[in-house]
Amino acid sequence: MNHHVVAIVPSSDLNASEAFYRRLGFDVVSDYGQYRILADGRGWHLHLNHMPGWPRHIEDNPFGLYLYVEDVDALAQQVRELIIEPDAPKARPWGTYEFSLSDPSGLLVRVGRVIDPA
């Protein structure tokens, strides 16, 4: 088994979080009621943990995810109305082509790929 890491994401509304991540290509592979395991079948894995009242103020959620994907534009089309910046996806000075979203609990989700610096 290769080393890998999986994020455990707190969610005050598991159904809303599951629906959000389904739009990004995840499916539920295990459901334990208050804890759900999601995957996309190609390498992404995510665990959702029900945390009532989390976060107290949605803008205070300090967590984030970065989802690497080859076809950034195709995924952006599937979630266009959720993208935070209207001109994204776009190339960033730090060498990625990406866009950002906010999940139902305020978690920042960036989706992108590494590009060759110009």
Side-chain angles (χ1 to χ4, degrees):
M1 178 179 196
N2 292 330
H3 284 218
H4 63 279
V5 65
V6 175
I8 301 173
V9 175
S11 171
S12 59
D13 183 338
L14 281 179
N15 293 330
S17 293
E18 178 186 325
F20 173 84
Y21 288 104
R22 280 186 181 277
R23 292 198 54 198
L24 292 171
F26 287 90
D27 288 311
V28 174
V29 295
S30 296
D31 187 340
Y32 302 98
Q34 303 300 309
Y35 195 92
R36 296 179 191 167
I37 299 174
L38 288 72
D40 77 335
R42 299 184 315 170
W44 288 348
H45 298 272
L46 181 70
H47 296 197
L48 296 176
N49 186 28
H50 187 239
M51 299 292 292
W54 169 258
R56 181 171 296 173
H57 303 286
I58 199 164
E59 63 275 8
D60 293 337
N61 190 335
F63 296 106
L65 294 174
Y66 202 106
L67 303 175
Y68 288 92
V69 62
E70 188 62 35
D71 195 345
V72 176
D73 293 315
L75 193 51
Q77 284 304 106
Q78 294 176 12
V79 294
R80 173 69 50 205
E81 79 283 2
L82 301 175
I83 295 176
I84 294 170
E85 296 173 296
D87 61 340
K90 63 183 176 183
R92 302 296 189 157
W94 46 86
T96 60
Y97 179 71
E98 66 182 38
F99 64 92
S100 299
L101 313 159
S102 180
D103 91 346
S105 293
L107 180 124
L108 176 66
V109 178
R110 291 184 189 229
V111 178
R113 64 180 168 79
V114 175
I115 56 175
D116 292 325

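In the hydrophobic clustering of this structure, W44 does not group with V114; members are Ile, Leu, Val, Met, Phe, Trp, Tyr whose side-chain heavy atoms approach within less than 4.5 Å, directly or through other members. Tracing side-chain contacts under 4.5 Å through hydrophobic residues (I, L, V, M, F, W, Y), one reaches V28 starting from L67; they form part of the same cluster. Side-chain heavy atoms closer than 4.5 Å link hydrophobic residues (I, L, V, M, F, W, Y) into clusters, and following such links, possibly through other members, connects M51 to V109. Under the 4.5 Å side-chain heavy-atom criterion for ILVMFWY residues, no single connected hydrophobic cluster contains both W94 and Y68.
Note: N61 CG to R56 CZ = 13.5 Å, rounded to the nearest 0.5 Å. Annotation: the span from R23 atom CZ to Q78 atom CD amounts to 8.5 Å, rounded to 0.5 Å. Going from atom CG of D103 over to atom CZ of F20 covers 5.5 Å, rounded to the nearest 0.5 Å. Distance OG/S102 to CG/L107: 7.5 Å, rounded to 0.5 Å. The structure places CG of L65 at 11.5 Å from CZ of R110, a figure rounded to the nearest 0.5 Å. In this structure, K90 NZ and E85 CD are separated by 4.5 Å, a value rounded to the nearest 0.5 Å.
Of all non-hydrogen atoms in P55 and I58, the two that sit nearest each other are CG-CA, 3.7 Å. When all heavy atoms of S17 and L48 are compared, the pair lying nearest together is CB-CD1, 3.9 Å. Here the shortest heavy-atom pairing between L75 and F99 reads C-CZ, 4.2 Å. The minimum heavy-atom distance between V72 and E98, with the atom names listed, is CG1-CA, 4.4 Å. The minimum heavy-atom distance linking W54 with S105 is given by the pair O-OG, 4.0 Å. What you find for L108 and I84 is that their closest heavy atoms are CD1-CD1, 4.0 Å.
A salt bridge (Lys or Arg N to Asp or Glu O under 4.0 Å) with D27 is found for exactly one of R42, R22, R36, namely R22.
The shortest distance between side-chain heavy atoms of L24 and L101 falls below 4.5 Å. Between V9 and F63 there is no side-chain heavy-atom pair separated by less than 4.5 Å.
The main-chain N or O of S12 is found under 3.5 Å from a side-chain atom of H50 such that the two form a donor-acceptor pair. Put simply, the side chain of D40 gets close to the backbone of G43: a donor and an acceptor are under 3.5 Å apart.
Aromatic ring pairs are classed by plane angle as parallel below 30°, tilted from 30° to 60° and perpendicular above 60°; the pair F26 and Y21 is perpendicular.
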